[in-house]
Amino acid sequence: MSTARIPRQQSAPADVLRPPGRWVALAVLALAVLLVAVDATVLGLATPFLSEDLEPTGTQLLWIGDVYSFVIAGLLVSMGSLGDRIGRKKLLLTGAVAFGAVSVLNAYATGPEMMIAARALLGVAGATLMPSTLALIRNLFHDPRERSLAIGIWGAMASAGAAVGPVVGGVLLEHFWWGSVFLINLPVMAVLVLVGVKLIPESKNPAPGPWDLLSVLLSLVGMIGVVYAVKELAAHGAGWGVAVAAAGGVLALTWFVRRQFRLPAPLLDMALFRHRGFSGAVLADLLTILGLSGLIFFLSQFLQLVQGRSPLEAGLAELPAAVGAVAAGLLAGRAARRLSVRVVVTGGLAAIGAALALVTLVHQETGYPMLGAVLLIVGTGAGFSFTVTADVILSSVPKEHAGSASAVSETAYELGAALGIALLGSVVTGVYQGFATPGGVPAPVSAAAHESLGGAVEASHALPPDQAHALLSAAQKAFVDGLGTAAGVSAAVLLATAVAAWFLLRGQKLEEGADAHG
């Protein structure tokens, strides 16, 4: 039995069911989501160069990596709801202009503190883009089969962006300085604004109610408080700061949820979560990204700092993930209708889990065929899983709530990314920092080497060749051990998520096309 609430529109006129220009508009929306996804991973390749230039500590480096996702996660629900109220096109185009402007700040950051602040501001702008793109697709494509294909293209761009980011970064870092990875945002956002003004139709909730600022503040404080507490606990252990952040975050989120039940026009309609398919899809997205994000973040460093590849070579090495994600995203809707939603999602998650389990076998001399195969499987599994869960989330809510539903989906994605980098990054860092310093290495050099693998590479330049080789070998082995441990944790998370999805998505179906039986 289909769980979708949207009625088939078999008698609707063709120009209502399939408005002209919708595919060109989709191309513009896909460009926006591609760019936001690229920005989430492009920094991985630039990390060694950024470390050399800005000299961040290990903790600052992690903040630079994940504050973008933290801020997006904290603001997505608010921005999705704002788009439902003021118009999703208006919010998208405003966010695009801001995204381009703040990218310049990132490119010319002069210190780690400025870089962290600039990444946070980029997260604010990114939060306006992601839910708007998916919600606009819900309103551009009324035919469910066309919408499945559109969501597949959208999902493929999101997945491909994460994988193409390293390639784009690699090309730029071969020829320019690390700030260039942010300046590529400017021409793309210019195209988005110019084309979007003409081709993207406006859509919003016809009776939205007021935008509750207290709810906005509570969701932001709650999300950042909880994520910060998790990150600090994993990195430095328990302490008063962690306890205060965790308590404050949980209190704010609890207050937020209770307030949504009382408000006549809530920022987030909590009734959405009573739909088992919606809740199952959101949970699957969150845990999948949690398991994947840490691997992607640290794999770029493995390819460069352990195996000695150039930035471009490392980026190209990660390309199979993009190929798998795009191919699977385009086939996912058809596969889910032929087999079932839960078979496709569970199969995708199980494939990712199995591939991550293989990463535990990786060592310093591992050949590329194994790494390429792992990345291809991961990309394919993610393409199937994410595309189908996005379709389930959008088709299970009335279209006037498309922005809020999209925001919940994107919040799960970004929160999973932030928690994944924080938790798995802390696992890698914890294992890495335990390596024994070779004899004769001065204490300041040893301290710098234990901050991060990039720090070890820099610190080794001050040593005689024999000592430098010994220090680097010890640091690289420790990093690989940490990567293997994190991959094992990720594999367990993904396989457990596959089991949960099998039960939560039982009986879930995608809508049939409006003309499917005609």
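Note that the structure is a prediction, hence the values are computed from the model and not measured.
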Colleague: Answer yes or no: is there a side-chain heavy-atom contact under 4.5 Å between M114 and L105?
Modeller: yes
Colleague: Does any part of the side chain of L305, heavy atoms only, come nearer than 4.5 Å to the side chain of F479, both counted from C-beta?
Modeller: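 A side-chain contact is absent here, since even the closest heavy-atom pair is not under 4.5 Å.
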Colleague: What is the distance from atom CG of L287 to atom OG of S490, rounded to the nearest 0.5 Å?
Modeller: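 Rounded to the nearest 0.5 Å, the CG-OG separation comes to 11.5 Å.
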Colleague: Check whether S385 reaches the backbone of A382 with its side chain - one donor and one acceptor, N or O, closer than 3.5 Å.
Modeller: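 Answer holds: no.
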Colleague: The test is side chain to side chain contact (heavy atoms under 4.5 Å, CB included); show your working for V71 and V67 and say whether it passes.
Modeller: CA-CA 6 Å; V71 174; V67 71; 4.3 Å; yes
Colleague: Quick one: does T128's side chain get under 4.5 Å of F99's, heavy atoms only?
Modeller: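 Side-chain contact under 4.5 Å: no.
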Colleague: Just verifying a value: how many Å separate L192 CG and L29 CG, rounded to the nearest 0.5 Å?
Modeller: 7.5 Å
Colleague: Nearest 0.5 Å please: distance from the CD1 atom of I153 over to the OG atom of S148.
Modeller: 11.0 Å
Colleague: Please confirm whether the backbone N or O of V216 pairs with a side-chain atom of S219, one donor and one acceptor, at under 3.5 Å?
Modeller: yes
Colleague: Is any side-chain heavy atom of S103 less than 4.5 Å from a side-chain heavy atom of L122?
Modeller: yes
Colleague: Are any of the side-chain heavy atoms of S215 and L263 separated by less than 4.5 Å?
Modeller: yes
Colleague: Counting C-beta onward and ignoring hydrogens, is there a side-chain heavy-atom pair between W255 and L214 closer than 4.5 Å?
Modeller: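 Contact flag for W255/L214 side chains = yes.
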Colleague: On a heavy-atom basis, which atom in L424 and which in A486 lie closest, and how many Å separate them?
Modeller: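 The pair with the smallest heavy-atom distance is CD2-O, 3.8 Å.
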Colleague: Atom CG of L375 and atom CG of L299: how far apart are they, to the nearest 0.5 Å?
Modeller: 5.5 Å
Colleague: For the pair H450 and F435, name the ring-plane relationship: parallel under 30°, tilted 30 to 60°, perpendicular over 60°.
Modeller: parallel
Colleague: Among all residues two or more places apart in sequence or in another chain, which pass the side-chain hydrogen bond (donor to acceptor under 3.5 Å, both in side chains) test with T288?
Modeller: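 Here no residue qualifies.
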Colleague: Evaluate the side-chain proximity of T387 to D391: yes if any heavy-atom separation is below 4.5 Å, no if none is.
Modeller: no
Colleague: Taking the ring centre of each residue, are F278 and F273 less than 6.0 Å apart?
Modeller: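 Under 6.0 Å, so yes.
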Colleague: Which atoms form the tightest heavy-atom contact between V221 and A252, and what is the distance?
Modeller: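 In terms of heavy atoms, the two residues are closest at CG1-CB, 4.2 Å.
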Colleague: Listing request: all salt bridge (charged side-chain N to carboxylate O under 4.0 Å, His left out) pairs with a residue in residues 479-507, at least two apart in sequence or in separate chains.
Modeller: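 Only K477-D481 qualify under salt bridge (charged side-chain N to carboxylate O under 4.0 Å, His left out).
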Colleague: Could you work out, with side-chain hydrogen bond (donor to acceptor under 3.5 Å, both in side chains) as the rule, every residue matching T380, not counting sequence neighbours?
Modeller: none
Colleague: For a quick test of reading the model, state the closest non-hydrogen atom pair linking A281 to I393 and the distance between them.
Modeller: CB-CG1, 3.7 Å
Colleague: Return the CZ to CG distance between F182 and N106, rounded to the nearest 0.5 Å.
Modeller: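 Atom-to-atom, F182:CZ and N106:CG are 4.5 Å apart.
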Colleague: Answer whether the closest heavy-atom distance between the side chains of I116 and R119 falls below 4.5 Å.
Modeller: no
Colleague: For A150 versus I137, what's the shortest heavy-atom pair and its separation?
Modeller: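 For A150 versus I137, the nearest heavy atoms are CB-CG2, 4.0 Å.
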Colleague: Taking distance alone, no hydrogens or angles, what donor-acceptor pairs closer than 3.5 Å link side-chain atoms of residues 342-356 to residues at least two apart or in another chain?
Modeller:
unit_1: R342; atom_1: NH1; unit_2: W502; atom_2: O; d: 2.8
unit_1: T346; atom_1: OG1; unit_2: R342; atom_2: O; d: 2.7
unit_1: T346; atom_1: OG1; unit_2: W502; atom_2: N; d: 3.4

Colleague: Check salt bridge (Lys or Arg N to Asp or Glu O under 4.0 Å) between D212 and all other residues, then give those that pass, not counting sequence neighbours.
Modeller: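 Once residues adjacent in sequence are excluded, the partners of D212 under the salt bridge (Lys or Arg N to Asp or Glu O under 4.0 Å) criterion are R259.
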Colleague: Do S279 side-chain atoms and R276 backbone N/O form a donor-acceptor pair below 3.5 Å?
Modeller: no
Colleague: Do F141 and L26 pass the side chain to side chain contact (heavy atoms under 4.5 Å, CB included) test, and can you show the C-alpha distance, the side-chain angles, and the key distance before you say yes or no?
Modeller: CA-CA 10 Å; F141 294 89; L26 173 65; 4.1 Å; yes
Colleague: Restricting to non-hydrogen atoms, name the atom on A109 and the atom on M115 that form the minimum distance, rounded to 0.1 Å.
Modeller: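 Closest approach of A109 to M115, heavy atoms only: CB-SD, 3.6 Å.
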Colleague: Indicate every side-chain donor-acceptor pair of residues 89-98 with a distance under 3.5 Å to a residue at least two apart or in another chain.
Modeller:
unit_1: K89; atom_1: NZ; unit_2: V197; atom_2: O; d: 2.8
unit_1: K89; atom_1: NZ; unit_2: I200; atom_2: O; d: 3.0
unit_1: T94; atom_1: OG1; unit_2: K90; atom_2: O; d: 2.8

Colleague: Could you tell me whether a side-chain N or O of R88 sits under 3.5 Å from a main-chain N or O of L136, the two making a donor and an acceptor?
Modeller: no
Colleague: Of all the heavy-atom pairs spanning T389 and A284, show the shortest one and how long it is.
Modeller: CG2-CB, 4.4 Å
Colleague: Nearest 0.5 angstrom please: M79 CE to L129 CG, how far?
Modeller: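 Result: 10.0 Å between the selected atoms.
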Colleague: Between F302 and V362, is a side chain to side chain contact (heavy atoms under 4.5 Å, CB included) present by the stated rule, with each step listed?
Modeller: CA-CA 10 Å; F302 170 79; V362 166; 3.5 Å; yes
